[in-house]
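By convention here, the first residue in the shown sequence is residue 1. No hydrogens, no waters, no symmetry mates; every other heavy atom, side chains included, goes into these values.
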Amino acid sequence: MKKYFPGPSATTTAAALALTLALTLTACSQEPVADDSPGGALSHIHGLGVRGDTLYVATHDGIHTPDATGRPTRVGDRRDDFMGFTVTASGAFLASGHPAPGSGGPADLGLVESTDSGRTWHEKSLGGEVDFHSLDTAPDSTVYGYDSTNGRLRVSPDGVTWEDRATLRALDIAVSPAAKDTVLATTETGVARSTDGGRTFAPGKGQVLAYVSWGAADALFGVDQSGVLFRGTETGSGIRWDRVAAVPGGAPQALTVVDARRLLVATQDGVYESRDGGRTFERRVTVTSGKEGH
C-alpha cells in the first residue's frame, strides 16, 4: 500500500509562495540569461499549451515541442524568454516576456501573437511597455494579462486596446471558461477571486496555490508550491479545494488543464501529463532546473 505523508503547512507554503513572488518580480527587471541546459532537456519553463494533441512548452529559450521520443525541438527560430504563454480557443498563441539576448529591441515584448503554432510571431500591442507573466482568455476571447512590473491586471477585448484593473501581488491567473468575468489569482494568502472581470478581488484565502488553470467548467485545478495537485469546486461561499495527488518531480513551474481528465504540469525534472484527472502522471519531457530556478 502506498503511504502518504502530510505536506507542508499552510504557513510554510505561503512563505514559499511569497519568496517565489519576490524572486519572480525581481527577475522581471533582469537581462535574460541564455539557456544552458543539456541536449534533450528543457529548463526555465514558464508556460504549457496544447493544440490538438501537440504539447508546446514556453521556456527561457523559446517555444519547444517534444518529438515521438520525448526529445524537445524548438519551434521556429525565436529564442525569446516567454514568461507568459497561452493557447486561445481558436488555436492562436499569445505570449509575453523578453527578447533573446543580443536580439535588440526593447526589454519587454508586450503582447505577441503567433497564428502558425509558434513558427512566426508578430507584435500585437504594448511592445516595450509590459511584461505579462500570466495570460489567459475568457469565453468571448477577452484577454487577461498579469502585468508583473506594475503588479496589475490588464484586460483587453482584442489584445490591442487595454484597460487597467485591480492591483495585486499574484503569481498566476485563470479565467472561468463559463463566466467571462470570473477570474482567479494565486497570492501568498490564498486564491483571490473576482466576479467583476478583475476590477476588484476578494482577499485570497484558504488553500495557498502557486498555479491555477481552468480548462473547462468542470475542470479547475491548482498546484501548490510543493507540487501537490488540488481540484477546485465552486460553492456558494467560494471555491473548495480538494487534494488529488502529488505530481512527480517536486516544485511546479507551470500548469495547464485541457479538460476534467487531461492536464499537464511542469515540475523540476519533467513535464508530466495526466489523462485521469491528476491521479497518475506520465513524463512527456525531461526538465533540468536552471541555475536560478524558475
Side-chain angles (χ1 to χ4, degrees), residues 13-32 44 46-47 58 60 80-86 94-99 106-112 124-138 142-157 159-176 181-214 222-225 251-255 292-294:
T13 303
L17 184 58
L19 177 59
T20 300
L21 275 165
L23 292 174
T24 301
L25 294 175
T26 301
C28 176
S29 63
Q30 298 174 346
E31 288 296 318
H44 307 285
H46 303 306
H60 209 64
D80 298 323
D81 178 11
F82 289 117
M83 297 296 297
F85 175 68
T86 191
L94 297 177
S96 188
H98 313 286
D108 296 327
L109 292 175
L111 184 72
V112 294
K124 201 164 178 70
S125 61
L126 301 177
E129 299 178 38
V130 172
D131 168 23
F132 290 119
H133 275 205
S134 183
L135 290 162
D136 203 0
T137 54
T142 297
V143 182
Y144 285 78
Y146 180 70
D147 174 359
S148 63
T149 304
N150 299 295
R152 182 184 298 277
L153 187 70
R154 293 189 172 195
V155 181
S156 171
V160 178
T161 59
W162 294 85
E163 178 184 337
D164 289 349
R165 297 198 177 167
T167 299
L168 73 166
R169 276 173 55 91
L171 185 60
D172 196 21
I173 62 171
V175 183
S176 168
D181 289 327
T182 298
V183 189
L184 305 180
T186 59
T187 76
E188 56 207 83
T189 60
V191 179
R193 183 170 182 257
S194 171
T195 57
D196 59 6
R199 294 175 179 84
T200 61
F201 280 84
K205 63 179 182 178
Q207 185 64 49
V208 177
L209 300 172
Y211 301 100
V212 285
S213 182
W214 213 334
V223 62
D224 72 12
Q225 195 65 22
Q253 300 189 62
L255 166 69
E292 72 268 22
H294 178 61

Heavy-atom closest pair, residues Ala202 and Ala192:
O-CB, 3.4 Å
Do Leu111 and Leu135 have side chains that get closer than 4.5 Å, going by heavy atoms?
yes
Sidechain-backbone polar pair: Arg165 side chain, Gly197 backbone, donor-acceptor under 3.5 Å:
yes
What orientation do His133 and His98 show, parallel under 30°, tilted 30 to 60°, or perpendicular over 60°?
perpendicular
Under 3.5 Å: donor-acceptor pair, side chain of Ser148, backbone of Asp131
yes
For Gly110, is there any backbone N or O sitting under 3.5 Å from a side-chain donor or acceptor partner on Asp108?
no
Nearest 0.5 angstrom please: Arg193 CZ to Lys205 NZ, how far?
9.5 Å
Could you state the interatomic distance from CG (Leu184) to OG1 (Thr195), rounded to the nearest 0.5 Å?
11.0 Å
Among side-chain atoms of Asp81 and His46, is any donor-acceptor pair under 3.5 angstrom?
yes
Using the rule given for side chain to side chain contact (heavy atoms under 4.5 Å, CB included), can you reason through Trp162 versus Val130, listing the C-alpha separation, both sets of side-chain angles and the distance that settles it, and then say yes or no?
CA-CA 11 Å; Trp162 294 85; Val130 172; over 6 Å; no
When you measure from the side chain of Ser125 to the backbone N and O of Gly159, does any donor-acceptor pair fall under 3.5 Å?
yes
Within the distance-only criterion (no hydrogens, no angle test), does the side chain of Asp172 pair as donor or acceptor with the backbone N or O of Val212 below 3.5 angstrom?
yes
Minimum heavy-atom distance Ala254-Tyr211, with the two atoms named
N-CE1, 4.1 Å
Dump the intermediate steps for side chain to side chain contact (heavy atoms under 4.5 Å, CB included) on Phe132 and Leu94, then the final yes or no.
CA-CA 10 Å; Phe132 290 119; Leu94 297 177; over 6 Å; no
Quick check against the 3.5 Å criterion: does Thr186 have a side-chain atom that pairs as donor or acceptor with the backbone of Ala210?
yes
Looking at side-chain heavy atoms only, is the closest gap between Glu188 and Val208 below 4.5 Å?
no
I want to check something: taking the side chain as every heavy atom from C-beta on, are Ser194 and Asp181 in contact at a cut-off of under 4.5 Å?
no
Decide yes or no on side chain to side chain contact (heavy atoms under 4.5 Å, CB included) for Phe201 and Leu153, but give the supporting numbers first.
CA-CA 11 Å; Phe201 280 84; Leu153 187 70; 4.1 Å; yes
OG of Ser156 to OH of Tyr144, rounded to nearest 0.5 Å, is 11.0 Å
Considering non-hydrogen atoms only, spot the tightest contact between Leu171 and Ser134 and give its length.
O-CB, 4.3 Å
Backbone N/O of Ala170 and side chain of Tyr146: donor-acceptor pair under 3.5 Å:
yes
When you look at Val160 and Lys124, which way does the side chain to side chain contact (heavy atoms under 4.5 Å, CB included) test go after all the steps?
CA-CA 6 Å; Val160 178; Lys124 201 164 178 70; 4.3 Å; yes
Do you know the tightest heavy-atom contact between Gly127 and Pro106?
C-CG, 4.5 Å
